[in-house]
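To start, the structure under review is shown below, and the notes come after it.
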Number of protein chains: 2
Amino acid sequence: MRKIAESTVRRLSLYLRFLEEFQSQGIATISSEALATRGGTTSAQVRKDLSFFGSFGKRGLGYSVPELVGKLRDILGLKRTYQVVVVGAGKIGSALAQYPGFGQRGFHVAAVYDADPKKVGADWNGLVVQDVQHLEQDLARAPVDIAILATPAAAAAQVSDRLVQAGIRAILNFAPVQLEVPAHVVVKNVNMAMELEALSYALRNR
Amino acid sequence: MRKIAESTVRRLSLYLRFLEEFQSQGIATISSEALATRGGTTSAQVRKDLSFFGSFGKRGLGYSVPELVGKLRDILGLKRTYQVVVVGAGKIGSALAQYPGFGQRGFHVAAVYDADPKKVGADWNGLVVQDVQHLEQDLARAPVDIAILATPAAAAAQVSDRLVQAGIRAILNFAPVQLEVPAHVVVKNVNMAMELEALSYALRNR
DNA sequence: GGATGTGAATGTCTTCACAGCT
DNA sequence: AGCTGTGAAGACATTCACATCC
């Protein structure tokens, strides 16, 4: 399959969100123009993004909303559920583990881990914080697709290595460090401070 | 000033992080090559990124670490502190308001707001949750640079309007909705579910 | 008629490669 | 000799504009 730009994937994600909105409003058909307006882009961009994956519309008519929802979920790999573990039961780990948006989109948080004995055993709406020592044996027993890394910076590299060793193939990294992983592992970084710095830059130059 | 790509700004942020690391290790001078390796990019990219803002290096030698740290902090607008408010005292709002990384980088969380009377008055390490009704009068009294929006999706649009009305010029939006704001307001969106979807896409296609 | 799908044109970002300084 | 700074080339992404089909 041809390589698709990350920006395109982000937009597809967005389109899907809007389409689900339209769908819940009972709208059956939508034009690239209408989708574009909703998402702050252009109709040509919408059509181009979709064209990488096929021809889903009807000329003169637009796109069938339910059909396009299905295609996008398929393209994005969202027709299955993913098992997710959160490592790091601090404030951010706690917020992420209990974030309802994940479950709604098929990402099931199977477990949360922490190294601090004072946190281990805590019950978060039925999700019990596990000792990170059991990470490997748990992952061996019940495979997991994605790890969310929310440890302090100092622990991140080591935990990342252990996750990789245990066979994880995707990491969403909230720790402010650059992880080194083998090529077959996908990492996406989310760095709150960096987002604020981008705003700082934008504020400065106006 | 010429328009700079968002990707460039992100990298500058990263370089700054690495340079501070090098600085704390007492490294006085660094080459574009070394910085690039640390950040997973190329030396030409580093030099080009910096060249948009001036010539900070010495040929044959590299860059003075402390000097470049200063320049980058200047470029990114980080030589001042920013007043930040968090709106939404749920799990994510709580995590963000107490995130130590913000303070370390000059972003001072001045207040947290929520609409839920059960949350108002809660004390988070000396930060007391305020009633969102007081938002406008507080902002009028003590101006704030950046708002972090961490409300449920349903409330986000309305809160955003009130923030804009009250003179906010930058919003970091964690609610999964597309905000509509006037051109003079900068918005950056962080959408956890979308990050996972990008991982899902990456996992699917391999 | 109306909206898609898509080559071609344009615009933007990255990489190359080397002249120019230290 | 070594490494920066930067035009020029190349790769990539977006926008245009129109033939095509429903």
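When the side-chain nitrogen and oxygen atoms of A:Gln45 are compared with OP1 and OP2 of D:dT15, one or more of them lie within a distance under 4.0 Å. OP1 and OP2 of D:dG7 both lie 4.0 Å or more from every side-chain N or O belonging to B:Ser51. Of the side-chain N and O atoms in A:Ser7, none sit less than 4.0 angstrom from OP1 or OP2 of D:dA13.
Remark: the A:Tyr113 side chain and the A:Asp131 side chain contain no N/O donor-acceptor pair separated by less than 3.5 Å.
Summarising the geometry, the separation between CD on A:Glu67 and P on D:dC22 is reported as 14 Å, rounded to the nearest angstrom. Atoms NZ (A:Lys48) and C1' (D:dC16) sit 10 Å apart, rounded to a whole Å. Rounded to whole angstrom, the span from the CZ atom of B:Arg11 across to the C1' atom of C:dT12 amounts to 12 Å. Rounded to an integer number of Å, the gap from B:Leu61 CG to C:dG20 C1' is 15 Å. Between the CG atom of B:Leu50 and the P atom of C:dC13 there is a distance of 16 Å, given to the nearest Å. At whole-Å resolution of the value, CZ in A:Arg10 and C1' in D:dA13 are 16 Å apart. Rounded to whole Å, atom C1' of C:dT4 lies 13 Å from atom CZ of A:Phe56. Atom OH of B:Tyr63 and atom C1' of C:dC21 are 13 Å apart (whole Å).
Checked against the 6.0 Å centroid threshold, A:Phe107 and A:Tyr82 count as a close aromatic pair.
Mapping A:Gly60 and B:Ser55 onto DNA chain D via the closest heavy atom, the residue that lands nearer the 5' end is B:Ser55. Along DNA chain D, the nucleotide nearest to B:Ser43 and the one nearest to A:Ala5 differ in position, and the one closer to the 5' end is contacted by B:Ser43.
Closest to the side chain of B:Thr8, out of C:dA3, C:dT15, C:dT14, is C:dT14.
B:Lys58 NZ: 12 or fewer foreign heavy atoms inside a 6.0 Å radius.
Counting heavy atoms from C-beta outward, A:Tyr15 and A:Leu72 have side chains that approach closer than 4.5 Å. Between A:Ile30 and A:Arg38, the closest side-chain pair of non-hydrogen atoms is not below 4.5 Å.
The shortest non-hydrogen separation linking A:Ala193 to B:Arg105 is CB-CD, 3.9 Å.
Under the ring pair (Phe, Tyr, Trp, His ring centres under 6.0 Å) criterion, B:Phe18 pairs with no residue at all, not counting sequence neighbours.
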Find every protein N or O atom lying less than 3.5 Å from an N or O atom of nucleotides 17-19 of chain D, and list the pairs.
unit_1, atom_1, unit_2, atom_2, d
D:dA17, N6, A:Arg47, NH2, 3.3

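A:Ser32 comes within 4.0 angstrom of the backbone, heavy atoms only, and of no base.
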